[in-house]
Enquirer: 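My questions will all concern the structure given below.
Model, not experiment: these values are computed from the prediction. Lettering of chains follows the sequences in order, A, B, ..., and the numbering in each one begins at 1.
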Amino acid sequence: MREISYTDALREALREEMARDATVFVLGEDIAEYGGAFGVTRGLLDAYGSQRVLNTPISEPGFTGAAIGAALTGTRPVVEIMFMDFIGLVTDQLVNQAAKLHYVLGEQAPCPLVVRTAGGGGRCYGPTHSQTLEAWFMHVPGIKIVVPSTPADAKGLLKTAIRDDNPVLFIEHKMLYSRRGNVLEGDAALLPFGRARCITEGDDLTMIAWSWMSAEAEAAAKELEAGGVSVDLFDPRTLAPLDMAPLEESVRKTGRALIVEEGCRTAGVSAEIACRLFECVHEYLDAPIRRLASPDVPVPASPVLEEAMIPDRNAIVQAAIELVQS
Amino acid sequence: MREISYTDALREALREEMARDATVFVLGEDIAEYGGAFGVTRGLLDAYGSQRVLNTPISEPGFTGAAIGAALTGTRPVVEIMFMDFIGLVTDQLVNQAAKLHYVLGEQAPCPLVVRTAGGGGRCYGPTHSQTLEAWFMHVPGIKIVVPSTPADAKGLLKTAIRDDNPVLFIEHKMLYSRRGNVLEGDAALLPFGRARCITEGDDLTMIAWSWMSAEAEAAAKELEAGGVSVDLFDPRTLAPLDMAPLEESVRKTGRALIVEEGCRTAGVSAEIACRLFECVHEYLDAPIRRLASPDVPVPASPVLEEAMIPDRNAIVQAAIELVQS
Amino acid sequence: MGWTLTLCTTYDSTSVRDETRWENIRAPNSESKTKEFRLQGRTCMYRKIRCAMQELIDHYRTMLVIRFFEEEVEDLFSQGVVKGTTHPAIGQEAVAVGACAALRPGDYVTSTHRGHGHFLARGGDPKRIMAELFGKQSGYSGGRGGSQFMADFSLGFLGGNGITGGSIPVATGAALSAKLQASEQIALCFFGDGAANQGTFHESLNLVAIWKLPVVYVCENNMYAMSMPVGDAFAVTDIADRAAGYGFPGVVVDGNDPIAVQRAVETAAERARQGEGATLIECKTYRLSGHSRGDQRHYRTREEEARARAADPILRLREMLSADGTLSDEDDVSLKDEARRVVSDAVTFAQESEYPDPTTLEKGVFA
Amino acid sequence: MGWTLTLCTTYDSTSVRDETRWENIRAPNSESKTKEFRLQGRTCMYRKIRCAMQELIDHYRTMLVIRFFEEEVEDLFSQGVVKGTTHPAIGQEAVAVGACAALRPGDYVTSTHRGHGHFLARGGDPKRIMAELFGKQSGYSGGRGGSQFMADFSLGFLGGNGITGGSIPVATGAALSAKLQASEQIALCFFGDGAANQGTFHESLNLVAIWKLPVVYVCENNMYAMSMPVGDAFAVTDIADRAAGYGFPGVVVDGNDPIAVQRAVETAAERARQGEGATLIECKTYRLSGHSRGDQRHYRTREEEARARAADPILRLREMLSADGTLSDEDDVSLKDEARRVVSDAVTFAQESEYPDPTTLEKGVFA
Ligand SMILES: Cc1ncc(C[n+]2csc(CCOP(=O)(O)OP(=O)(O)O)c2C)c(N)n1
Ligand SMILES: Cc1ncc(C[n+]2csc(CCOP(=O)(O)OP(=O)(O)O)c2C)c(N)n1
Ligand SMILES: [Mg+2]
Ligand SMILES: [Mg+2]
């Protein structure tokens, strides 16, 4: 086990899978010499050449659609969409083509496509470079969603995503790229989809958070622990498939749940998770499930406004305390 | 009051608003001579000329973006996107431009844009001509969502949408175009946003449904009534803003709620509505709120499969009976 | 192998950069012009070109199958036997047949919402296509895709698409995977004039150009996108001219002449296989039927339609074949009977097939 | 009003359909060529053209303000004083200044992610622009939009955009509303070479063409889209050539020459105002700085950059003005001091401004 960054972990996953399988290739804007806006693909051009590391013009729908065509015909493309905010440009490609074709063409051809993208705020990049939009794709049958928060999850789940025969939306987070952690090599690093990770164990409260919020929640849980509130903290890691069983079990134990989401509150991922919990374990609840999310506004550029918008460890601690006291 | 069809009601709204305000114009594919795929704009070309009734090439992002530019500079465009399934092509335009510009440009210019589109299934039009996708846009701050189910609502809310200074996604339903009902003329027809409509009153169960599902739920409620189950049935009519107060009040009375949604279950509109109800009135609930929605699959073309997928009056009756018996 | 008379227009495209590549279309042999006619305001002429008689008869047969198939489907829809919607390719048979005749077995084909003809020309089974329209389990997509989503990957036919222009990027990808895998496959991409105004058309042509991918673009300019005449949707006369903006050749051919289409696609396919990149072939043709069920065709005149019907590719081909003595009236009758039988067999098959089991609805969303 | 020497290249664009329209760019007066130089592999030459001295000095002053502003911003970002990201327009000042000089007060301008220069050239207040970068309430967007989303509707400046190509359709709409309201306004649409590969570029040019809208497209071809050289992103040499696919003229001008840009935009603006439709003006220039903060510029050589720096539009303009005797060294120093003061005043203003009140976060989502 070596301690490396989330960025390096992602790069290792790409390198290992490209070495293992010649049909894997990467494409996207500025991923070759430049190494991608966040450096994830740095060095791949030298290692695998310009046939398998394709810089694209700024044509998100066109090159994502091309990747779909390539996936349907025997290759395993990994697309980089520089910022998740640009996913609206390829919604048609993902929803009407990638996610549907296997089903609607009578299961003739799988579509093993990975779309990597950098989501979330925290860097004052402004309204179109900071959004958190995974909720849309939970509502889309036929697409898997991965939201890793640690280097090990990033590496293990990206490798699994590349080997998966279905379209996978792989959402990285710009606040996590520098996060460090232990990772394994080769197949040992592989992690299954649909398996939530329990980060801390506790009895007072169930907490559910993913991506950057998982890191913030971890910090909050430590603080709460110190203050005498013990938290069962889970990171679902993949939102589709979504591993509800451990969450339900935890709520049966704690009677209280807080879901932390970076995206806007209304019709977010938390609504679905909360609903499923209500549906299954309502009789165990000692208080309504609490959704802590961003308010329904575009992400502003100004540091003071962005900070006021996105939940952080302090907001999580506060919400948790309110919840256990209710 | 005259009884006219939903299509005619929509057309009346357009005609009246175009007559009232010279800055209102319509654009979209085949809306001029052809009158739109569902005939809504028929006759507008003759009445208002080719300057204000603009046939567009098949360039959804381009002409929706143009409408945004026009809305920012003093006009009131009404765009027709032929099928709601094509909304993925303009997601970037709606989300990153229309919904954001007012806020992110410091409230300098309103964006009075209406995007009309035909949603939903029931006609065996297949996977890309039958989808129900409003849930995505509930998650988008800055855009209003209208889902009318009767001619009166269609007319009144379209007129309001056109006069609204914000982007409005106006979702019509292809199964409702021929529905008939009474409508008023001129300003008398106007209906406010954010005001749910109570369709039937009852004590046993709160039912919430919109668009086509509202019509199916109405039929189901009649059947249930006949069977001795009385239903408080609400059509929210606009999903953003969402009028929760009467729904909450009703659940306080009935203790049971069934939300009927044509779209896919996971991360749908029902999740948000259910969550809000749980959050506010959980102590009044005699049973978990039930979401009746389509399963998470693309909409198949085959009549037997499409029928199996989308909730109808029978499925609603059954779900309601299960719920009141639980 | 013999000499036979066929149509080959003298359309001029300013986008043809490399004139010599196209000489076998433009002057397929040295014999002189034999007959002039007018099509869509241009002067065209018949020329003699080298062509196997059997090939022409085969084309004629396939065109008849497409025509009768589509007429039958129109009927079934208007009777309400078949639900949903359909877009008949009546009048456009020569494009599908000519283009597919120029391909090799492994090549990819992407299609459109108006794709039955493409699929039949590529060797699709009329029975399974018809069954798909009926929403039956034996259809190519098990009833899930319907008219617009049918494929046969074993034929390299990657399917139609319900999104106008939706399969243009798919063709890029198929060509890209052929290149990455160093296969000799090319991708033939059918699309309409309307689709040429979609953003993905532009993006795709550029990607294909910079990556020098083996794509042959076949634009079926049938003069309308639903109700929108090309003259209103474009400020240029020839869509083929757009190829110049991407640095590859664009040509215009008479889309009602299967041999003109075939020769153009052969040349383009050869170019693609040689690694020289893409070609945009604009086939001028005409949609003789309505856009889809319920189209009142208010946007064009009956006179215009009558003029277009005079250039019906099937009539023209038959006229030519019989003028030439290649096809007797008897042969014609028996070819038509045969084609009609193919279609009625398909209908019978579809009628007798089972609907999919509704309990399978949720199966196969994921691979 | 006087005669002065400026740069006007002899770039040839094959897309220029109507040669005569462009004669005042190509041969602004009858005086003979005076000097040749090479730029991006082409031979260009200086010519004398009619131009008010004061106008040139004004251009020079605005270019200096933009240059110093952007240098200051780069500094502030690298010091971490300003957060987020920024895209400096260093080296591209002549395009912004030349193009905006050709406009009338009511005209619309749409901008890009690299838009500070456009905004300053259009008359934007440096103080409020700087304050916006600082995330302050006094910024043009109250700190919400940041570098990429700033507008001043009273100036017709409709704002930058964080989506590459995002404001190209907005320009269509502004022109459409001008036409519907029968105003004399036109829309000038700035965008980069990279944006010209977006689908909405294609769709917009086609819409504008068929509706004959008054748009002037100003493509700032600065040779790169982030790390992607134009040579890799296009299979054609001149982006201007794409205009031909939409039926309106495309021209290439020396984007490092404010007068060449201005004259081209004037001609195009006149055309647009006359109802004759759009023009695509490709301004060849060079981004002298990195794409944004943190760009290591591995994708190009320092030698190439040095060559480009030799064609720095500000240096060239100063050289020309002083060679001509229009600008003394003293004048130059005082102009620069003045420009630096504008920038430092803006910084002071921004520093002294308040941050927005976080409790206003949820205000103004709806109008
Ligand atoms: C994205 C999208 N927009 C609109 C439609 C509706 N529609 C289906 S076919 C069609 C016309 C297509 O025209 P063209 O590409 O010329 O093909 P043709 O129908 O003439 O064969 C339209 C507008 C669609 N299916 N997809
Ligand atoms: C849709 C979209 N894709 C990618 C980006 C990231 N990005 C920002 S600027 C840029 C390069 C733009 O190139 P060009 O249009 O030539 O403008 P320049 O930066 O050279 O001024 C890229 C890729 C973006 N902001 N939006
Ligand atoms: Mg057409
Ligand atoms: Mg550039």
Enquirer: Give a yes or no on whether the backbone of B/Asp85 and the side-chain of A/Asn96 come within a donor-acceptor separation of less than 3.5 Å.
Expert: yes
Enquirer: Taking B/Pro141 as the fixed residue, which of A/Pro298, A/Pro295, A/Ser294 is the one that meets the side chain to side chain contact (heavy atoms under 4.5 Å, CB included) rule?
Expert: A/Pro298
Enquirer: Out of B/Gly268, B/Ala274, B/Pro127, which one racks up the most heavy-atom pairs below 4.5 Å with chain A?
Expert: B/Pro127
Enquirer: NE2 of A/His139 to CE of B/Met138: how many Å apart, nearest 0.5 Å?
Expert: 11.0 Å
Enquirer: Count the heavy atoms belonging to other residues, nucleotides or ligands that lie under 6.0 Å from CD of B/Glu249, then report whether that count exceeds 12.
Expert: no
Enquirer: Roughly how far, to the nearest 0.5 Å, is CH2 of B/Trp136 from CG of A/Leu133?
Expert: 12.0 Å
Enquirer: Is the number of heavy atoms from other residues, nucleotides or ligands under 6.0 Å of A/Glu248 CD greater than 12?
Expert: yes
Enquirer: What part of A/Gln131 lies closer than 4.5 angstrom to a heavy atom of chain B: side chain, backbone, both or neither?
Expert: side chain
Enquirer: Under 4.5 Å between any side-chain heavy atoms of B/Thr266 and A/Arg276, yes or no?
Expert: yes
Enquirer: Checking an interface table here. Which of residues 278-286 of chain B come within a heavy-atom distance under 4.5 Å of chain A?
Expert: B/Phe278, B/Glu279, B/His282
Enquirer: So which of B/Ala267, B/Ala135, B/Ala301, B/Ala271 has the largest heavy-atom pair count under 4.5 angstrom toward chain A?
Expert: B/Ala267
Enquirer: State whether the number of non-hydrogen atoms from other residues, nucleotides or ligands found under 6.0 Å of B/Arg195 atom CZ is greater than 12.
Expert: no
Enquirer: Less than 4.5 Å apart, any side-chain heavy atom of B/Asp92 and any of A/Glu60?
Expert: no
Enquirer: Can you say whether B/Val95 sits under 4.5 Å from chain A via the side chain, the backbone, both, or neither, judging by heavy atoms?
Expert: side chain
Enquirer: Quick one: what part of B/Leu242 sits under 4.5 Å from any heavy atom of chain A, side chain, backbone, both or neither?
Expert: neither
Enquirer: Side chain from CB out, backbone as N, CA, C, O: work out which of these in B/Arg290 comes under 4.5 Å of a heavy atom of chain A, or both, or neither.
Expert: neither
Enquirer: Contact part of B/Val90 toward chain A, heavy-atom cut-off under 4.5 Å: side chain, backbone, both or neither?
Expert: neither
Enquirer: Below 4.5 Å from any heavy atom of chain B, which atoms of A/Ser302 appear? Answer side chain, backbone, both or neither.
Expert: neither
